[in-house]
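Report on one structure; see the data block that follows.
Side-chain atoms are counted along with the backbone in the values below, which use heavy atoms only and exclude waters and symmetry mates. In listed order, ligands and their atoms are each counted from 1.
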Amino acid sequence: MRTPLIAGNWKMNGLRSDAVRLADELARHLPDLHGVEVVVCPPFVHLEAVKQPLTGTAIAIGAQNCADAALGARTGEVAAEMLADLGVRHVILGHSERREYYAEDDRVIAARYQRAMASGLVPILCVGETLEQRDAGRSEAIVEAQIRGITDLIGADGLGAGVIAYEPVWAIGTGRTASAEQAQSMHRFIRECLATIEGHDGAAERRLLYGGSMKPDNAAKLLAMEDVDGGLVGGASLNAEGFAAICAAVPRG
Ligand code: PEP
């Protein structure tokens, strides 16, 4: 049984007061949760500030990245141990913006994944093709290579309870969402690919999120798909009412 997960990626948005206000509003809109796990991922510097307004709710706190090394000499980085110590439970890894703007490759993402696991965090590993790759008919090959690029380095067991988020790059922040059928088709492919890596049982249990312009008005259709176990929500997670509506769109078994 895969518990649906909705994760909000706040990216590099908002000052401290905005983060606290948003967390406050979320606490009001999502006072209790049934049949869905919800996590919000503010920028590092706001993690501490959102803890208080979210206390007493079931909303978990996640981070948007973690270092590829343990505590020590890595100027400018934030270790997974530090995040766990703050009460962070999830961490987004390999987001396309990290891959594109910070040249993160499989090696560094795999190392971050291992550090996250070692600190007891749940990694949310992002994969997805660009528009050019989709138009060239290479979507599945690209996504498979991104998954194997990590599992070849960490081993199938290394995936642990991690979550995979399929985020077609052409749908992120563009307002152009994948159709529910496109999402389901890729999610099914990812699950089949995982079955060859970690076996059928592991693949059947692994949660697969869709991300890319998920909004209150398209969430229900996407989330109703058999292999879509939740969403990674960027822009729409900055509005508490809209994010709560997406959480409410999760089908309850
Ligand atoms: C994201 O960046 O993870 C994302 C899904 O963004 P958006 O929802 O804004 O497309």
Check: Where is the nearest protein heavy atom to atom 3 (O) of ligand 1: which residue, which atom, and how far?
Finding: E167 OE2, 2.8 Å
Margin query: Among H95, K11, Q64, exactly one meets side-chain contact (heavy atoms from CB on, under 4.5 Å) together with C41. Which residue is that?
Written below: Q64
Check: Which atoms of ligand 1 are found less than 4.0 Å from any heavy atom of A171?
Finding: 10 (O)
Margin query: If you measure every N or O of G173 against every N or O of ligand 1, does any of those distances drop under 3.5 Å?
Written below: yes
Check: Backbone or side chain, does any N or O of K11 fall under 3.5 Å from an N or O of ligand 1?
Finding: yes
Note to self: Counting only heavy atoms closer than 4.0 Å, does ligand 1 sit against the backbone of C126, its side chain, both, or neither?
What the structure shows: neither
Note to self: So for S96, does at least one of its heavy atoms come nearer than 4.0 angstrom to any atom of ligand 1?
What the structure shows: no
Next item on the list: Look at atom 1 (C) of ligand 1 and say which protein heavy atom is nearest, naming residue and atom and giving the distance to 0.1 Å.
Entry: H95 NE2, 3.2 Å
Check: Based purely on interatomic distance, does G235 place a nitrogen or oxygen under 3.5 Å from a nitrogen or oxygen of ligand 1?
Finding: yes
Check: So, R99 and D106, do they make that salt bridge, N to O below 4.0 Å?
Finding: yes
Notebook entry, point to check: Of the options Q146, Q182, E129, which is the one that meets Y166 in a side-chain hydrogen bond (donor to acceptor under 3.5 Å, both in side chains)?
Noted result: E129
Margin query: Is there a polar contact, in the sense of an N or O pair closer than 3.5 Å, between G234 and ligand 1?
Written below: yes
Item checked: Flag if over 12 foreign heavy atoms under 6.0 Å of CZ, R16 -> no
Checklist line | I172 contact mode with ligand 1 (heavy-atom cut-off under 4.0 Å) | finding: both
Note to self: Check this for me: R191, atom CZ, are more than 12 non-hydrogen atoms of other residues, nucleotides or ligands nearer than 6.0 Å?
What the structure shows: yes
Note to self: I'd like to know whether CZ of R74 has more than 12 heavy-atom contacts from other residues, nucleotides or ligands below 6.0 angstrom.
What the structure shows: no
Check: So, does G212 sit close enough to ligand 1 that a heavy atom of it is under 4.0 Å from the ligand?
Finding: yes
Item checked: Verdict with supporting geometry, D18 and R21, salt bridge (Lys or Arg N to Asp or Glu O under 4.0 Å) -> CA-CA 5 Å; D18 301 309; R21 191 177 321 115; 3.3 Å; yes
